[in-house]
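Before any comments, here is the structure.
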Amino acid sequence: MKTGHDPLDYHGFINPPVVRASTVLFPDAASMETPRQKYTYGTRGTPTTDALCSAVNELEGAAGTIIVPSGLAAVTLPFLAYLSPGDHALIVDSVYGNVRHFCDTMLARFGVEIEYYHPSIGADIETLFKPNTKLVHLEAPGSNTFDIQDVPAISAVAHRHDAVVTMDNTWATPFYFRPLDFGVDVSIQASTKYPAGHGDILLGTVSANARSWKKLRQANGALGICGAADDAYQVLRGLRTMGVRLERHQSSALAVAQWLEARDDVARVLHPALPSFPDHAIWKRDFKGSSGVFSFVLAVGRHDDFKAKAHAFLDALEIFGLGYSWGGFASLALHVDLNERQILQPPAEGPVLRLHVGLEDVDDLKEDLKRGFAAVL
Ligand SMILES: Cc1ncc(COP(=O)(O)O)c(C=O)c1O
């Protein structure tokens, strides 16, 4: 049985204890100078955070994993670990919006040159490389429009240029895609979503291969950005049931996506597991499954106010909650703003609505969406 820790260390209890810690005591002054014990201070790990890291290492096939307080920190910390002033970084244009903000503000202020690239660029990313390109960041499927990337092709080019490849793999989780097996160096997970699964925890994990682990660990230690034991425990607990929850999210989301695709008032469904989706073939080649979040484009008149139509749809919903994040038990919906993007154009047919399909009954969810469609007639 895989538990992330050795139960015999804790009298046979199947789960590790929650060790809340800053101070760790040493037996004498000499041991403080040259520690022989495993734990020295709370920021450097506890038995609870270690149990989560070892479970995630196994899922990701990683040499090492760090825990950080949010999914956003799980993306920004590796950027700080691998980038220096004067470096050039290639970031996918469908990146999570708050990461774009970090790149355009803080990274730019630190003298890092940021360039956004089209998610379907594949091996042609070679044309964007410069002598100072040090990092390529992927997110696939991308935020809100779920664009797929050719991960092995991009990683191969990046490695020829000695750049580190980071990937936000929150959508698929390592259950449905293992980035390190496809050439990525650093796999990022907002554990806030499916691993936590209940809308009550913020946490992130960053898992590196052997080549990239040392710098990541050093940056983690230097910044003092670590996760709390209680949150790590809850995420470890969430991992135990993530597989079965994901199966339900997957089947319900696909059922809703197919139902939407058949409607005249839907222009397009943006779900990579649908054969109609651009680059579906790449998704099928690399991914073992799909999760619960996807978008659709509402078909409205060319002269309609997209925002007003989107709001009318959302305000009519009774089961789907209006709120940020995803990956939890409850279905959520929101109107997506794509205006920050530099390369990808927002769909012309209508507003984009993102759905997170939770664990509720699918027929109830369809009835709820019908209320939305009735409100935009
Ligand atoms: C793809 C993706 N990555 C990272 C994050 C950030 O996670 P957190 O909310 O834990 O900061 C989000 C949040 O929505 C996300 O959608």
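Ligands are counted one by one from 1 in listed order, and the atoms in each one are counted from 1 as well.
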Under 3.5 Å, which donor-acceptor pairs link side chains of residues 37-45 to any protein atom two or more places apart or in another chain?
| unit_1 | atom_1 | unit_2 | atom_2 | d |
| --- | --- | --- | --- | --- |
| Q37 | NE2 | L25 | O | 3.0 |
| Q37 | NE2 | Y39 | O | 3.1 |
| Y39 | OH | D50 | OD2 | 2.7 |

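- Counting protein heavy atoms only, atom 2 (C) of ligand 1 is closest to D168 OD2, 3.5 Å.
- Not one N or O of A190 is nearer than 3.5 Å to an N or O of ligand 1, by distance alone.
- The protein atom (non-hydrogen) at minimum distance from atom 16 (O) of ligand 1 is W326 NE1, 3.0 Å.
- Between L72 and ligand 1, a contact under 3.5 Å exists for at least one N or O pair.
- Distance check, rounded to the nearest 0.5 Å: CD1 of I121 to CG of D147 gives 13.0 Å.
- Using 4.0 Å as the threshold, W171 has no heavy atom nearer than that to any atom of ligand 1.
- Judged by the 6.0 Å and 45° rule, R245 forms no cation-pi pair with Y194.
- Taking atom 5 (C) of ligand 1 as the reference point, the nearest protein heavy-atom neighbour is Y96 CE2, 3.4 Å.
- Of the possible donor and acceptor atoms, none in the side chain of S187 sits under 3.5 Å from a partner among the backbone N and O of S207.
- Between the side chains of N57 and T65, at least one donor N or O lies within less than 3.5 Å of an accepting N or O.
- Checked against a 3.5 angstrom limit, the closest N/O atoms of R354 and ligand 1 fall outside it.
- Judged purely by distance below 3.5 Å, without hydrogens or angles, the side chains of S212 and N209 pair a donor atom with an acceptor atom.
- The nearest protein atom to atom 10 (O) of ligand 1, hydrogens excluded, is given as T192 OG1, 2.5 Å; this is a heavy-atom distance.
- Taking a 4.5 Å side-chain heavy-atom cut-off between Ile, Leu, Val, Met, Phe, Trp and Tyr, the cluster of L359 extends to F329.
- When heavy-atom distances to ligand 1 are checked against a 4.0 Å cut-off, Y324 has no atom that comes that close, whether in backbone or side chain.
- The protein heavy-atom contact nearest to atom 8 (P) of ligand 1 is G71 N, 3.4 Å.
- For ligand 1, the polar-atom distance check finds no N/O of S143 at less than 3.5 Å from any of the ligand's N/O atoms.
- Other residues, nucleotides and ligands place more than 12 heavy atoms under 6.0 Å from the NE2 atom of H161.
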